Structures are given as structure tokens and as C-alpha cells.
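Note that the structure is a prediction, hence the values are computed from the model and not measured. Every heavy atom of this structure was used, including side-chain atoms; hydrogens, water molecules and symmetry mates were not. Protein chains get the first letters and strands the later ones, always in sequence-line order, with residue 1 at the start of each.
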2 protein chains.
Amino acid sequence: MIVDPKSEERLDRAFMALADPIRRRIIARLSRGSATVNELAEPFEISKQAVSKHIQVLEQAGLVTRTRDAQRRPVHLNAVELERMTSWIDRYRLIHEQQFRSLDAVLGAMGASDAAAPPSVDTIKEKEQ
Amino acid sequence: MIVDPKSEERLDRAFMALADPIRRRIIARLSRGSATVNELAEPFEISKQAVSKHIQVLEQAGLVTRTRDAQRRPVHLNAVELERMTSWIDRYRLIHEQQFRSLDAVLGAMGASDAAAPPSVDTIKEKEQ
DNA sequence: TGCTTGATCAACCACTTGATTGATTAAAGA
DNA sequence: TCTTTAATCAATCAAGTGGTTGATCAAGCA
């Protein structure tokens, strides 16, 4: 499986960027439309410089882009990067779900008739797979 | 809008947890089945203590759970928390997409763009770091 | 030309993170 | 019992993060 090192680092930054509640609120705000740094800083009690840094973090993660409008620097959401994050997560969610299903089938075929859906995983010793 | 503070913190930890490539590889491994700390540490060149810490981070984020099997502490993926992460992201992806669509409709009806910051890709200038 | 506004740069500080090594707990096996 | 195995705890360290204040840049406007 070939893994693009740049894609690794981009994921690092994207997840790190969303690990902060202020940055998540910024993303939430931007989902409703672009905004300037001042507008984005307004609801928060921290300095505008701090908000500016948060936006830089989001920008380097590829989650937002910035344009220029005179002395304003409007910030726009980049939904493509959000999509990359969900792709990563969903990939392993799917694998896990399928693994879970086939394990369930094995247990069912072995004669243990309970076949409980909830995770009775704690008794499982993984040797197959 | 009521926001459960614990849910905020849980998201903080979940996103932070996935911001590390080693922890993402651990999640990827666990999607294929549960494993012990030693098994999880095997592909990495860092110490087992370090891997143990990574697993603690994942556990406190709710992304994995641990059980006991004699002196082993098998680690299991908790897909529910992964689902919470995609839910958060997809929520704002959806809002953004709808916002985008309605803006598109407005622009189409007007024929000109004087709305606040239309995020058209062709006007984007810089992408420096 | 100056002045104001929007935003960033720079230096600094407290705190956290990721890693290390060495010691320790806990259960199995001889 | 003594030894091995699985894993964590404890102390420490370098590097990174999130915040501050003060200075600076860049574009309109009087």
C-alpha cells in the first residue's frame, strides 16, 4: 500500500487543527459563509492575533483558504479537505464493521447460538484475519 | 443551542488523538481486529512505553477500549467514537454545500457578483506558507 | 500627505506532548 | 519458590502549542 508522505502530514495537520474548540467554531462559522479575521474574532475573548494564528493553523491544514479584498483577508472554508478526513475515518470504520460481521458469522457457525450483536469482543482472541 | 461540555472535550481528544500518524496506524491495525500492546508496538521503532502512552491517548479519547486476558490487555476499536467525528465534520460539510448552492442560485439570478465574498476559485491568489 | 483600519510579525511565557530510561506491578510457567 | 512475560509507572527532557503585548505593514480615506 503506497502512502503519499504529504498526505500523511496533511492529515496530521487537519486532525490537529480540529482538535481545538475555537478552530472548530471557526469552521462552523465559515460553513455558513466566508468571513474576515475581525468577524471571526468577534465572538471570542482572546486577542485578534490569537485568532489570526488559529486561522493560520487551519490554512496550513488546507481546511481554509484566504483571498484579498482591499485590506481585508476574507477566509473561506475548503470542504475538500474535510472530505479527506471523513474518507480516512470511514475507510477504517467500514473495515471494522465488515470484520465484525464476518467474525459474527464464524461464531454463529461454531454452534454458539447466542450470536449477540453488541460487542462481546472481550472474549475474542484474534488469531484469524 | 445547548452544547454538552463533555462532548466538546471528547471531540478535542478524538481529533487530537488522530493527529498523530502512529496513532492513526494503530487505529488502522485495530480495524482489522483487536491486538495487544506488544503486537501493536511491533511495527514501530519507538519503545513499548511510548506505544502504551499512545494507546492511553486513544483510550481517553474514547476511540479504543481495553479488556483483560490474564496478563494481556487487548485493545479494541470503538467505532462509535469514529462515527461521532464524521458526524461533526459532515454536519458542516452539508451546511457549506447548501450555502454554496443557494449562493450559486442567487448569483445566477443576478448575473453579477456583489455579495460578500463569493468564494470562486479563480480569484484565489496566494497559497504560500 | 497624514490618519485610520484590518491584519500580520516578533518576542516572550506557561503549559503540554512525545519520547526516553529505569523501576515496578501482575500473572503464568518452571 | 524463582523466572519470564506483559504492561504500566515515574522522572526527565526537547520540542511544540496557545496565549499575551507591542511594533509593523498595507490599503483606503480625510
Side-chain angles (χ1 to χ4, degrees), chain A residues 8-9 11-27 29-30 34-61 63-76 122 124-127, chain B residues 8-9 11-27 29-30 34-61 63-76 116-117 123-129:
Chain A
E8 269 269 284
E9 214 179 293
L11 272 182
D12 286 6
R13 297 186 194 207
F15 280 116
M16 174 64 100
L18 292 195
D20 185 289
I22 289 183
R23 290 194 291 258
R24 282 202 305 279
R25 282 176 65 189
I26 290 175
I27 292 292
R29 164 67 184 78
L30 290 176
S34 303
T36 65
V37 175
N38 268 334
E39 289 166 351
L40 291 172
E42 196 272 327
F44 303 110
E45 293 187 347
I46 61 176
S47 68
K48 288 175 187 183
Q49 287 94 326
V51 173
S52 191
K53 278 193 188 177
H54 280 301
I55 294 170
Q56 278 182 53
V57 170
L58 290 167
E59 188 181 23
Q60 287 181 352
L63 288 165
V64 306
T65 58
R66 317 169 86 164
T67 52
R68 194 171 254 297
D69 168 27
Q71 71 268 56
R72 287 176 197 75
R73 305 289 309 276
V75 185
H76 322 280
D122 41 301
I124 291 162
K125 297 217 177 114
E126 67 294 333
K127 263 310 188 184
Chain B
E8 269 270 283
E9 215 179 293
L11 272 181
D12 286 5
R13 296 187 194 207
F15 280 116
M16 176 63 99
L18 292 194
D20 185 289
I22 290 184
R23 289 194 291 258
R24 282 202 304 278
R25 282 176 64 188
I26 290 176
I27 291 292
R29 165 67 186 81
L30 290 176
S34 304
T36 65
V37 174
N38 269 335
E39 288 166 351
L40 291 172
E42 196 273 325
F44 303 109
E45 293 187 347
I46 61 176
S47 67
K48 290 177 186 182
Q49 287 94 326
V51 174
S52 191
K53 277 192 190 179
H54 279 302
I55 294 170
Q56 279 182 51
V57 170
L58 290 167
E59 189 181 24
Q60 287 180 352
L63 288 164
V64 306
T65 58
R66 318 171 85 163
T67 51
R68 194 171 252 301
D69 168 27
Q71 72 268 54
R72 288 174 196 78
R73 306 288 308 278
V75 185
H76 322 280
T123 59
I124 292 173
K125 288 165 70 176
E126 66 245 54
K127 210 167 179 187
E128 88 276 21
Q129 319 279 41

Whole-Å distance between [N] [atom2] and [X] [atom1]?
| X | N | atom1 | atom2 | result |
| --- | --- | --- | --- | --- |
| B:L58 | C:dG18 | CG | C1' | 14 Å |
| B:D12 | C:dC15 | CG | P | 19 Å |
| A:I46 | C:dT8 | CD1 | P | 13 Å |
| B:D69 | C:dA26 | CG | P | 17 Å |
| B:Q60 | C:dT16 | CD | P | 13 Å |
| A:F44 | D:dG19 | CZ | C1' | 14 Å |
| B:R72 | C:dA28 | CZ | P | 9 Å |
| A:I55 | C:dC9 | CD1 | P | 12 Å |

Any idea which of [options] is nearest the [X] side chain?
| X | options | result |
| --- | --- | --- |
| B:K53 | D:dT8, C:dT20, C:dA7 | C:dT20 |
| B:D20 | C:dT8, C:dG18, D:dA6 | C:dG18 |
| A:A70 | D:dG28, C:dT20, D:dT8 | D:dG28 |
| B:R23 | C:dG18, D:dT20, C:dA19 | C:dG18 |

Heavy-atom nearest nucleotide on DNA chain D for A:Q71 versus A:S47: which residue maps closer to 5'?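 Per heavy-atom nearest nucleotide, the more 5' residue is A:S47.
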Acceptor/donor pairs from residues 40-50 of chain A side chains to any protein atom, 3.5 angstrom cut, sequence neighbours excluded:
{"unit_1": "A:S47", "atom_1": "OG", "unit_2": "A:A50", "atom_2": "N", "d": "3.2"}
{"unit_1": "A:K48", "atom_1": "NZ", "unit_2": "A:N38", "atom_2": "OD1", "d": "2.8"}

In Å, rounded to the nearest 0.5 Å, how long is the span from [atom1] of [X] to [atom2] of [Y]?
| X | Y | atom1 | atom2 | result |
| --- | --- | --- | --- | --- |
| A:E59 | A:R13 | CD | CZ | 11.5 Å |
| A:D12 | A:E8 | CG | CD | 6.0 Å |
| B:I26 | B:H54 | CD1 | NE2 | 6.5 Å |

Short side-chain N/O contact to [N] OP1/OP2 from [X], under 4.0 Å:
| X | N | result |
| --- | --- | --- |
| B:R66 | D:dT8 | yes |
| A:Q56 | C:dC9 | yes |
| A:R68 | C:dG6 | no |
| B:H54 | C:dA19 | yes |
| B:N38 | D:dT5 | no |

Taking all non-hydrogen atoms of both residues, which atom of B:A17 and which atom of B:R23 are closest, and how far apart?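 It is O-NE, 2.7 Å.
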Categorize B:Q49 for me: base, sugar-phosphate, or nothing, with a 4.0 angstrom heavy-atom threshold over every strand shown.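 It contacts base atoms.
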Looking at every strand, decide which applies to B:K48 at a 4.0 Å heavy-atom threshold: base, sugar-phosphate, or nothing.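 Nothing, no nucleic acid heavy atom in range.
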